[in-house]
A.B. asks: 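Take a look at this one; I'll ask things after.
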Amino acid sequence: MPAPDNTKASKAKREVAILFDGSLEGFLCILHAYYYENVSPLIIQTEDNYQPTLDTEEYHILSCSTIATRVQGGIIKKISPQAWHTLSSAYLAAYVEDKYIAMFRYLLLGFRVGAIVDDHLYEDCVLRVHKFARQVGRETHLLTGFCRFEETTNNIYYCPIEPTNYVLPRLAEHFSDRMMNQAWIIHDKKHGKAAVYNGETYVIADVPKDAQVQHTDSEAQIQDLWITFFNSVAIKERVKPKLQRQLLPLYFRKSMTEFQKKPTTRKTLKRKSLISLEQKDLPT
Amino acid sequence: MDIQEKLQLLTEAAKYDVACTSSGVDRKGTRGTIGSASACGICHSFTADGRCVSLLKLLLTNACIYDCQYCANRRSNDVPRTAFTPREVAELTMQFYRRNYIEGLFLSSAVVKTPDYTMELLIEALRYIREEYHFGGYIHVKAIPGADPALIWRLGHLADRMSTNIELPSETSLLSLAPEKTKPAILTPMRFVQKQMQQSKQELIRYKNATPFVPAGQSTQLIVGATPESDSQIVHLAQGLYKGYTMKRVFYSAYIPTNAKLPMVDTPLLREHRLYQADWLLRFYGFTAQELFKSKDENLTLHIDPKCHWALNNLDHFPVEVNRADYLMLLRVPGIGQKSASRIIAARRIGNLDFPQLKKMGVVLKRAKLFITCNGKMMEKLPWDPSVLEMRLSENYVGGAYTQPSLFDIAPAAIPMKQFAGKQLLLEAASDTTPFLTNIDDSPLPVLPPIEDAS
Ligand code: SF4
């Protein structure tokens, strides 16, 4: 893979606005263009987001999986597997203006200094990329706990999510290991994608944001049981709504059963002394 | 009683148990089964009191034959009684797990009929879950004090973690408040589990397919504030449990006087919080209990955390030069945690660090700046005086003035003895607060190894 450039070549580079298709493959091809086509990005932008200006030359990247694979191999070998993991996580982060350019500079620095790029904790591009990766890691981790599956009539468990970052691939990976013997669909309503698992493998496909599902009859009952548990397990003497909001932002609650459904009406249980504990109430 | 009601009752009876983490074991899913375990632990929700919901926390039954004074399930208490069948527990666990409500199950129980009978019910519930539903997720189960080791052995092969609660921090307290539970009845299963775990580890090396015994280790819980032991005694006890019994976690539960016979003193949650901080220092920061306390009946200070307190009492170790100090010393700086310490170690390989760089790396300098130098320089000029430092460290230090909050005026560091007046029982307990793990030479249990100094 690309050798670190020498100064002579970099002097001659054309400064352009690099446009690519938004895929990770396409992004990796930018590196190839930088080293072999002598272009240096002023900005990096996806084709459909770009507002053309008169004074910057546009450079369109053609996604090519062969090149992308080579660049990926180069990152793993010349920088580190860890750096590849960080970069591919950062790629999933929600779009902000400097996202791609920071990722690009991170890689350039990486090719120059090697594995210790991740120790350059006061370089802006390193900090930014780490931040993106952390943001994705954090949302993935939270959603692995906070997302909820619902049983549908065709025996598939359906899980709607609306994440800020595109964490679906990471979630699918997690649940294909965890929920191995049941079919499920994780539907990212925000990005219009869904991961569909049939009990063996999963695929990620485009799915309209408003797809509807039909629940089984017992689903509502189980949800009620869960809400009962959730409300009973809290210690009423120590209610701390502020802390709860800090740990579980309102943002996540809209897809969580226990915050969406009304709590079941709690029957007030009458006290009965131990003597009246009937034999049939005890396990046999 | 329908399942909704049972669930409500038996959850409320289990909710005070704090040992609700699912961490400590990493297990991938396998074909044809459901469930995996994640070492870092996953929270599935947060309750109104701000606690993480990770496990389905249930009591199999609350119909207890014992009469522990601090517990709402004691037989002399007039509350509704009920019990799940093992099948119901299994069914609930699976339905919840399939919907990603929970990380696994935490099953505990009151003692119904006999300890052995209760254990058999627990085993049956876990057997359904593991063998019929092929559940590979996390299970934490309580061992019942006084149960037959053969039953503990079976239960341990079905669970990830097992705990036997030590309940109270000294034997005298235990005797006075939970007379049916004895020290040997609690410590014997602990020792048994520890031995079996070691053996199981060796077996696993030899035979790949051996079923692991309690792979996530054992834990215990004790109630703080129901009896007059000092923090020093409690932290020393915890240290003994970590070192002598290879305990994974010791949990502290601030006593809540709900529906129990004991006097109505609410133990400040802050005390519980400080105990957890001290516990953290023992487990991850290389501190020993001896370093944290000077005397036997000392309590942790409430207005600053135990690490700051230690730093103020050991100012000769400071200031620490960030560019040279080793990892363990960096960890001892107030405000520097494991993450910051390892970031510093990584970044200074590239070059010398200064304060702006530390800040950029995410090291929180609010407290740390008082104890460190960068290239020989402090960040601010401050008189090197413990009382000035203490004022700056206090968590209620706002914008230059130290405000004495009213909470600390009323919250006692430990419960003053006079609050127990009239409770002859407790006064007796107070006069002899022999730590739990000492004086066990004449019991059939092995003596704890001497505690070596980690510093
Ligand atoms: S044994 Fe004691 S602590 Fe346990 S449930 Fe019974 S009364 Fe409560």
Side-chain angles (χ1 to χ4, degrees), chain A residues 116 118-122 127 141-142 144-151 157 159 175-182 222-226 228-244 246-248 256-258 264 266-267 269-274 276-277 281-284, chain B residues 1 3-5 7-9 11-12 14-16 28-36 42-53 56-57 60-61 63 75 78-86 92 95-96 98-101 103 112 121 134 256 258 269 343 346-347 349-350 357 360-361:
Chain A
I116 54 167
D118 287 315
D119 293 347
H120 282 67
L121 291 174
Y122 35 84
L127 284 173
H141 180 76
L142 290 179
T144 53
F146 295 160
C147 75
R148 298 283 176 258
F149 288 79
E150 297 153 4
E151 196 183 17
Y157 285 81
C159 165
F175 283 108
S176 66
D177 181 57
R178 170 158 291 199
M179 308 295 190
M180 226 177 222
N181 69 0
Q182 73 186 28
I222 304 284
Q223 290 189 1
D224 276 352
L225 284 172
W226 166 241
T228 303
F229 170 77
F230 179 74
N231 290 323
S232 311
V233 83
I235 297 180
K236 271 138 221 93
E237 296 86 350
R238 293 185 181 172
V239 172
K240 294 177 202 125
K242 234 187 177 164
L243 180 64
Q244 187 190 23
Q246 197 181 320
L247 294 164
L248 179 46
M256 294 174 78
T257 321
E258 60 272 33
T264 19
R266 293 167 59 119
K267 294 176 195 155
L269 292 162
K270 279 197 216 86
R271 288 189 168 197
K272 57 181 171 180
S273 66
L274 184 55
S276 69
L277 174 71
D281 279 342
L282 280 177
T284 42
Chain B
M1 211 180 262
I3 187 92
Q4 283 279 0
E5 289 173 282
L7 181 63
Q8 185 184 333
L9 262 182
T11 304
E12 284 185 356
K15 70 183 172 189
Y16 295 108
K28 287 253 160 229
T30 38
R31 281 259 159 258
T33 68
I34 179 165
S36 60
I42 296 174
C43 285
H44 286 255
S45 194
F46 286 91
T47 52
D49 54 15
R51 291 188 305 166
C52 154
V53 179
L56 172 60
K57 194 156 41 165
L60 189 72
T61 173
R75 68 166 180 268
D78 186 21
V79 289
R81 308 283 172 167
T82 189
F84 280 125
T85 62
L92 270 176
Q95 294 291 5
F96 282 10
R98 288 186 179 287
R99 286 164 179 77
N100 200 37
Y101 296 161
E103 198 57 21
V112 56
L121 291 175
H134 304 290
I256 305 174
T258 8
L269 276 175
R343 275 188 202 163
R349 278 190 223 127
I350 313 286
Q357 279 171 342
K360 217 168 169 188
M361 283 159 47

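To find a chain, count down the sequence lines: A is the first, B the second, and so on, and within it residues start at 1.
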A.B. asks: Which answer fits S176(A), side chain, backbone, both or neither, if we ask what part of it has an atom under 4.5 Å from a heavy atom of chain B?
C.D. replies: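 For S176(A), neither part sits under 4.5 Å from chain B.
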A.B. asks: At a heavy-atom distance under 4.5 Å, which candidate from L142(A), D118(A), L247(A), T257(A) has the highest pair count against chain B?
C.D. replies: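 Looking at each option in turn, the highest pair count goes to L247(A).
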A.B. asks: Please examine the side chains of M179(A) and R98(B), heavy atoms only from C-beta on, and report whether any two atoms are closer than 4.5 Å.
C.D. replies: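 No - every pair of side-chain heavy atoms lies 4.5 Å or more apart.
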A.B. asks: Looking at side-chain heavy atoms only, is the closest gap between E150(A) and R99(B) below 4.5 Å?
C.D. replies: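 Counting from C-beta outward, E150(A) and R99(B) never come under 4.5 Å.
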A.B. asks: Check salt bridge (Lys or Arg N to Asp or Glu O under 4.0 Å) between K360(B) and all other residues, then give those that pass, not counting sequence neighbours.
C.D. replies: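 Listed in chain order: D124(A).
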A.B. asks: Could you check whether any side-chain N or O of R51(B) sits under 3.5 Å from a backbone N or O of V233(A), counting only pairs where one atom can act as donor and the other as acceptor?
C.D. replies: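 Yes; at least one donor-acceptor contact below 3.5 Å.
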A.B. asks: Do E12(B) and N231(A) make a side-chain contact, defined as non-hydrogen atoms from C-beta onward lying under 4.5 Å apart?
C.D. replies: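 A side-chain contact under 4.5 Å is absent here.
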A.B. asks: Are any non-hydrogen side-chain atoms of T11(B) and F230(A) less than 4.5 angstrom apart?
C.D. replies: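 Answer no - side chains too far apart.
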A.B. asks: Has the side chain of N100(B) got a donor or acceptor atom that lies under 3.5 Å from a matching backbone atom of C147(A)?
C.D. replies: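 The answer is yes, because a donor-acceptor pair under 3.5 Å joins these two groups.
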A.B. asks: Just how far is it from atom CD1 of I350(B) to atom CD1 of I116(A), taken to the nearest 0.5 Å?
C.D. replies: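 Those atoms lie 4.0 Å apart.
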A.B. asks: If you look at every heavy atom in R178(A) and E103(B), which pair is closest and at what distance?
C.D. replies: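 Residues R178(A) and E103(B), closest heavy atoms: NH2-OE2, 2.6 Å.
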A.B. asks: To check you understand the geometry: which heavy-atom pair defines the closest contact between T47(B) and A234(A), and what is its length?
C.D. replies: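 Here T47(B) and A234(A) meet closest at CB-CB, 3.9 Å.
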A.B. asks: Can you tell me which portion of Y157(A) sits under 4.5 Å from chain B's heavy atoms? Options are side chain, backbone, both or neither.
C.D. replies: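 Contact with chain B involves the side chain of Y157(A) alone.
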A.B. asks: When rounded to the nearest 0.5 angstrom, what distance separates CD1 in I34(B) from CD in Q182(A)?
C.D. replies: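 Atom-to-atom, I34(B):CD1 and Q182(A):CD are 4.5 Å apart.
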A.B. asks: Report yes or no: does D177(A) contribute a side-chain atom to a donor-acceptor pair with the main-chain N or O of K28(B) at less than 3.5 Å?
C.D. replies: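 No; judged by distance alone, with no hydrogens or angles, the pair does not exist.
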A.B. asks: Have T228(A) and Q4(B) got a donor and an acceptor in their side chains that come within less than 3.5 Å?
C.D. replies: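 The answer is yes; a qualifying pair exists.
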A.B. asks: Grab the two heavy atoms, one from V53(B) and one from W226(A), that are nearest each other, plus how far apart they are.
C.D. replies: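 Nearest pair, atom of V53(B) first, then W226(A): CG1-CH2, 4.0 Å.
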A.B. asks: Would you please name every residue forming a side-chain contact (heavy atoms from CB on, under 4.5 Å) with L248(A), sequence neighbours left out?
C.D. replies: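 Per chain and number, L248(A) pairs via side-chain contact (heavy atoms from CB on, under 4.5 Å) with F146(A), F252(A), R253(A), M256(A), F259(A), S45(B), F46(B).
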A.B. asks: So, taking the atom named NE2 in H120(A) and the one named CZ in R349(B), what distance separates them when rounded to the nearest 0.5 Å?
C.D. replies: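 One finds 12.0 Å between NE2 of H120(A) and CZ of R349(B).
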A.B. asks: On a heavy-atom basis, which atom in H141(A) and which in I42(B) lie closest, and how many Å separate them?
C.D. replies: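 Nearest pair, atom of H141(A) first, then I42(B): CE1-CG1, 4.1 Å.
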A.B. asks: If you compare all heavy atoms of A346(B) against all heavy atoms of D119(A), which two are closest, and at what distance to 0.1 Å?
C.D. replies: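 Looking at all heavy atoms of both residues, the closest pair is CB-OD1, 3.5 Å.
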A.B. asks: Where do L121(A) and A347(B) come nearest, in terms of heavy atoms and distance?
C.D. replies: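 Nearest pair, atom of L121(A) first, then A347(B): CD1-CB, 4.4 Å.
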A.B. asks: With a 4.5 angstrom heavy-atom cut-off, is it the side chain or the backbone of Q246(A) that approaches chain B, or both, or neither?
C.D. replies: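 Neither the backbone nor the side chain of Q246(A) comes within 4.5 Å of chain B.
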A.B. asks: Give a yes or no on whether the backbone of F229(A) and the side-chain of Q8(B) come within a donor-acceptor separation of less than 3.5 Å.
C.D. replies: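 No, because the side chain of Q8(B) does not come within donor-acceptor range (under 3.5 Å) of the backbone of F229(A).
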A.B. asks: Given that the side chain runs from C-beta out, which part of L127(A) has a heavy atom under 4.5 Å from chain B: side chain, backbone, both or neither?
C.D. replies: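 Looking at L127(A), just its side chain touches chain B.
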A.B. asks: Which answer fits L92(B), side chain, backbone, both or neither, if we ask what part of it has an atom under 4.5 Å from a heavy atom of chain A?
C.D. replies: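 Answer is side chain: those atoms of L92(B) sit under 4.5 Å from chain A.
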